[in-house]
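For reference, the structure is listed below as structure tokens.
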Amino acid sequence: MKLFKKILAVGLVAAMTLSMAACGSSKSEDKKEEAGNSAGGTITFGTNAEFPPFEYVTASGAIDEFDGIDMAIAKKIAEDNGKTAKINNMEFDSLLLALQNGQVDAVIAGMTITDERKEAVDFSVPYYTATQVMIVREDSDIQKAADMKGKKIVVVQGYTGETCVQDLGYDYEAFKKGSETILELINGKCDAVVIDSATAEKYVADNKGIKIVEDPDTFEAEEYGIAVKKGNTELLNQINDAINKMLSDGTISDISAQYLDMDTSEDASGSDAE
């Protein structure tokens with residue numbers, strides 16, 4: 001009898017243990033499902049909000065405090081897919097690593113589509129075409145890229161301008177922010193800034209005493225794309241569908257015109273631009 005009671009007791013303990021484990025597993029799966037549903041309603045975009053008019057920080061932007069052409073496009077992409085756009089702002093050089101590590105779902109940062117980057121990530125269809133230009137002081141004798149030889153050149157670290165100057169074989173200094181390069185130029189600490197054309201237009205419009213010099217023979221047109229993790233075809237297709245729609249109905253053109261025509265920043269010296 002004692003043996004039977006002992007066996008029965010062990011059986012009951014085992015049954016209760018299995019029941020509790022099953023219950024715990026069910027709760028765990030429920031939590032995972034809830035987290036998955038929450039994540040499914042959001043697209044987290046990585047950006048570097050130092051690149052007006054594409055992305056910058058303001059009091060009230062398209063997505064929280066972030067505004068610009070890219071931010072408006074990101075918001076529309078999310079909305080077209082029944083989702084909410086969130087922004088993770090970080091240094092430009094950290095964006096693709098953050099994408100590969102799962103910190104962000106996609107990267108939108110005026111990022112040029114290159115063969116080297118395509119080895120690490122998948123890009124959307126192009127949504128904007130730009131080129132590199134030089135920003136110089138108004139009294140500069142630089143009229144083409146070759147005139148920068150022997151001059152002090154500054155670029156933004158990780159931007160296409162840095163690659164272009166490297167390809168030319170010229171020495172340069174790299175800064176983390178575009179505004180820092182413009183301060184160097186205005187204060188006479190460098191001779192030229194190499195940067196994307198649309199951003200150059202904003203800096204020149206917002207600061208006195210500087211101008212843009214173009215050299216289409218040296219600087220070819222480049223295309224911006226949105227990066228996603230390799231193999232994330234579901235998100236890539238969602239982004240591509242939204243971009244193609246915005247390109248065909250003129251939405252991206254309207255967004256670009258809106259931000260290119262507005263004052264997006266204070267001048268580099270810190271005073272209001274006139």
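What you see is a predicted model; the values in this text were computed from it and never measured. Each residue takes its place number in the sequence, starting with 1.
- The heavy-atom pair separating Leu235 from Asp105 by the smallest distance is CD2-O, 3.4 Å.
- The pair Arg137-Asp191 meets the salt-bridge criterion, with a side-chain N (NZ, NE, NH1 or NH2) lying under 4.0 Å from an Asp/Glu carboxylate O.
- Hydrophobic cluster membership differs between Phe219 and Val193, with clusters built from Ile, Leu, Val, Met, Phe, Trp and Tyr side chains linked at under 4.5 angstrom.
- Residues Phe92 and Val165 fall into different hydrophobic clusters, defined by Ile, Leu, Val, Met, Phe, Trp and Tyr side chains chained together at heavy-atom separations under 4.5 Å.
- For Ile113 against Pro126, the heavy-atom pair with the smallest separation is CD1-CG, 4.0 Å.
- Within a 6.0 Å radius of NZ in Lys211, other residues, nucleotides and ligands contribute more than 12 heavy atoms.
- The two residues Gln157 and Asp93 come nearest to each other via the heavy atoms NE2-OD2, 2.7 Å.
- In this view, Asp80 and Lys76 satisfy the salt bridge (Lys or Arg N to Asp or Glu O under 4.0 Å) rule, not counting sequence neighbours.
- The line from NZ of Lys83 to CD of Gln238 is 4.0 Å long, rounded to the nearest 0.5 Å.
- In this view, Glu222 satisfies the salt bridge (Lys or Arg N to Asp or Glu O under 4.0 Å) rule with no residue, not counting sequence neighbours.
- A continuous path of hydrophobic side-chain contacts links Ile73 to Val125 [ILVMFWY only; heavy atoms under 4.5 Å].
- Atom CD1 of Ile255 is separated from atom NZ of Lys75 by 10.0 Å, given to the nearest 0.5 angstrom.
- Separating the OG atom in Ser94 from the CG atom in Asn101 is a distance of 10.0 Å, to the nearest 0.5 Å.
- In this structure, the side chains of Val57 and Phe66 come closer than 4.5 Å at one or more pairs of heavy atoms.
- Grouping Ile, Leu, Val, Met, Phe, Trp and Tyr residues whose side-chain heavy atoms lie under 4.5 Å apart, directly or via other members, leaves Leu97 alone, with no other cluster members.
- The shortest side-chain heavy-atom distance between Val156 and Glu162 does not fall under the 4.5 Å cut-off.
- Annotation for Lys230: atom NZ counts as buried by contact number, over 12 foreign heavy atoms lying within 6.0 Å.
- Annotation for Ser60 and Asp67: closest pair O-OD2, 4.2 Å, computed over non-hydrogen atoms.
- Contact record, Met148 with Leu168: CE-CD1, 4.1 Å, taken as the closest heavy-atom pair.
- Both Ile63 and Met111 belong to a common hydrophobic cluster when Ile, Leu, Val, Met, Phe, Trp and Tyr are linked at side-chain heavy-atom distances under 4.5 angstrom.
- Taking the side chain to side chain contact (heavy atoms under 4.5 Å, CB included) definition, one finds that Asp147 meets it with Ile142, Gln143, Lys144, sequence neighbours left out.
- Take Arg117 and apply the salt bridge (Lys or Arg N to Asp or Glu O under 4.0 Å) test, not counting sequence neighbours, and it matches no residue.
- For Tyr159 and Phe51, the gap between ring centers is short of 6.0 Å.
- Considering Val104, Leu99, Thr47 in turn, Val104 is the only one that fulfils the side chain to side chain contact (heavy atoms under 4.5 Å, CB included) rule with Asn88.
- The side-chain heavy atoms of Cys190 and Tyr172, taken from C-beta on, include no pair separated by under 4.5 Å.
- In this structure, CD in Glu119 is found 7.5 Å from CG in Asp115, a value given to the nearest 0.5 Å.
- To the nearest 0.5 Å, atoms CD1 (Ile69) and CZ (Phe54) are separated by 4.0 Å.
- Residues Ile77 and Met246 have side chains in contact (heavy-atom distance under 4.5 Å, counting atoms from C-beta outward).
- Between Met71 and Ile108, some side-chain heavy-atom pair lies under the 4.5 Å cut-off.
- No hydrogens or angles considered: nothing links the side chains of Tyr128 and Asp196 as a donor-acceptor pair under 3.5 Å.
- None of Tyr259, Tyr224, Tyr127, Tyr56 except one satisfies the side-chain hydrogen bond (donor to acceptor under 3.5 Å, both in side chains) rule with Asp70; the exception is Tyr127.
- Of all the heavy atoms in Lys202 and Leu260, the pair that sits closest is NZ-O, 3.6 Å.
- Remark: Ala200 engages Val133, Ile135, Ile195, Ile212 in a side chain to side chain contact (heavy atoms under 4.5 Å, CB included) (not counting sequence neighbours).
- Side-chain contact between Glu184 and Glu180: absent, with no pair of heavy atoms (C-beta onward) separated by less than 4.5 Å.
- The neighbour count for Glu91 CD, taken as heavy atoms of other residues, nucleotides or ligands under 6.0 Å away, does not exceed 12.
- If you run side chain to side chain contact (heavy atoms under 4.5 Å, CB included) between Asn207 and each of Leu183, Ile186, Leu185, only Ile186 comes through.
- Between the Gln132 side chain and the Gly161 main chain, a donor and an acceptor come within less than 3.5 Å of each other.
- Enclosure of atom CD in Glu65 by more than 12 non-hydrogen atoms of other residues, nucleotides or ligands within 6.0 angstrom is indicated.
- How far CG of Asp171 is from NZ of Lys149: 11.0 Å, rounded to the nearest 0.5 Å.
- Val155 and Phe175 sit in two unconnected hydrophobic clusters of ILVMFWY residues. Membership requires side-chain heavy atoms under 4.5 Å apart, directly or through other members.
- Other residues, nucleotides and ligands contribute at most 12 non-hydrogen atoms within 6.0 Å of the NZ atom of Lys86.
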